[in-house]
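See below for the structure under consideration.
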Protein chains: 2
Amino acid sequence: MSDVCDITSVSELVVREVRESLPAEDTVQRLAESFRALSDPTRLKILLALAERELCVCNLATALRMSQSAISHHLRTLRSLRLVRFRREGRMVYYSLADEHIVELLRTGVEHAREP
Amino acid sequence: MSDVCDITSVSELVVREVRESLPAEDTVQRLAESFRALSDPTRLKILLALAERELCVCNLATALRMSQSAISHHLRTLRSLRLVRFRREGRMVYYSLADEHIVELLRTGVEHAREP
DNA sequence: CACTCATATGAGCAATTGCTCATACAATAA
DNA sequence: TTATTGTATGAGCAATTGCTCATATGAGTG
């Protein structure tokens with residue numbers, strides 16, 4: 001607040017430019033929420049699995065060696081963020097990725113993670 | 001474990017295929033860590049700001065209206081994940097994005113966040 | 001040297017997260 | 001109907017997170 005380094009006109013200009021360049025607050029919030037969904041290893045595995053194929057909850061649970069409850073809770077989170085969609089078929093519920101954006105985010109991330 | 005839905009041969013095959021399609025555990029962990037860095041609104045703003053230009057800590061703090069300490073702690077996190085780099089110039093430390101991967105992740109994310 | 005200023009960091013805390021357990025709900029079968 | 005099975009969800013908890021405050025470090029100044 002009273003830092004001398006901030007009251008020079010150059011810094012003031014820089015600060016203003018940075019502020020103006022940032023997306024709107026709610027955009028940042030939504031973006032952070034989406035990334036948060038991808039920030040948990042279990043949720044990430046769920047999404048990577050769904051990137052391969054549509055899956056029911058019980059197969060997801062078995063494949064990831066997690067409890068059905070844990071998977072279901074995570075799917076709830078992913079659903080509320082509209083990252084996955086689902087359809088009922090009898091007693092089973094099949095989940096899949098919501099759109100291509102998530103696929104691309106995953107792909108971009110995996111590419112980065114593979115490097116040194 | 002004893003769910004009937006998992007002991008059919010079809011499900012067993014599906015489960016095996018999904019398990020084989022998933023990246024190695026440590027790859028998933030690193031990927032999740034990177035996404036976690038992007039999952040906090042303040043860190044996200046720091047990265048978005050650095051995507052515009054190199055910035056010193058105090059200008060970052062002023063631009064984001066956060067304490068110098070908070071920003072510094074976040075930069076430590078980002079540094080340890082090698083998402084940012086820094087250089088000293090006198091008393092100031094200037095931070096910038098580490099490479100193009102983060103830029104692309106941010107860009108992909110922002111594109112997604114702009115939609116309905 | 002002492003002093004200032006930009007930055008870094010440890011401690012402590014309220015808030016959040018990710019799991020388990022128990023239970024509820026939904027769809028089919030007997 | 002009741003029983004069974006796949007899924008969803010609330011409560012509760014240990015662990016983690018993101019901040020503040022105080023203090024340390026490091027670099028320039030007098």
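All chains are named by letter (A, B, ...) in the order of the sequence lines, taking the proteins before the strands, and each is independently numbered beginning at 1. Computed over heavy atoms, backbone and side chain alike; hydrogens, waters and symmetry mates excluded.
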Tell me the interatomic distance from Ile46(B), atom CD1, to dA8(C), atom P, rounded to whole angstroms. 11 Å
Quick check against the 3.5 Å criterion: does Arg19(A) have a side-chain atom that pairs as donor or acceptor with the backbone of Thr62(B)? yes
Quickly work out the Gln68(A) CD to dT9(D) P distance and round it to whole Å. 11 Å
Nearest listed nucleotide, side chain of Arg79(A), among dT28(C), dT9(D), dA8(C): dT9(D)
Hits for salt bridge (charged side-chain N to carboxylate O under 4.0 Å, His left out) against Arg53(B), two or more places apart or cross-chain, chain-then-number order -> Glu17(A)
Give the B/S/- string for nucleotides 10-20 of chain D, one per nucleotide from 5' to 3', where a protein heavy atom under 4.0 Å of the base yields B, of only the sugar-phosphate yields S, and otherwise -. B------SSSB
Separation of dT7(D) P from Leu55(A) CG (nearest whole Å): 11 Å
Rounded distance in Å - CG (Leu60(B)) to P (dT7(C)): 9 Å
Give every donor-acceptor pair under 3.5 Å between a side-chain atom in residues 70-78 of chain B and any protein atom, sequence neighbours left out.
from, atom 1, to, atom 2, distance (Å)
His74(B), ND1, Arg43(B), NH1, 3.3
Thr77(B), OG1, His73(B), O, 3.3

Restricting to salt bridge (charged side-chain N to carboxylate O under 4.0 Å, His left out), what partner residues turn up for Glu54(B), sequence neighbours left out? Arg87(B)
Atom CG of Leu75(B) and atom P of dT7(C): how far apart are they, to the nearest Å? 10 Å
Five pairs per end, C1' atoms only: what is the angle between the end axes of the helix from dC1(C)-dG30(D) to dA30(C)-dT1(D), to 10 degrees? 10°
Whole-Å gap separating P (dC25(C)) and CZ (Phe86(A)): 17 Å
Is the closest side-chain donor-acceptor distance between Arg88(A) and Tyr94(A) under 3.5 Å? no
Just checking, any donor-acceptor pair under 3.5 angstrom between side chains of Gln29(A) and Glu25(A)? yes
Comparing Tyr94(B) with Arg91(A), nearest DNA chain C nucleotide closer to 5' gives the residue Tyr94(B)
Hey, does the side chain of Thr27(A) reach the backbone of Pro23(A) with a donor-acceptor pair shorter than 3.5 angstrom? no
For a 4.5 angstrom cut-off between non-hydrogen side-chain atoms, does Asp99(B) reach Leu83(B)? no
Heavy atoms only, 4.0 Å cut-off, all strands: where does Tyr95(A) land among base, sugar-phosphate and nothing? sugar-phosphate
By nearest atom, which of the nucleotides dA26(C), dA8(C), dT4(D) is closest to the Arg88(A) side chain? dA26(C)
List for me each residue that meets side-chain hydrogen bond (donor to acceptor under 3.5 Å, both in side chains) alongside Arg107(A), sequence neighbours excluded, and say none if there are none. Glu111(A)
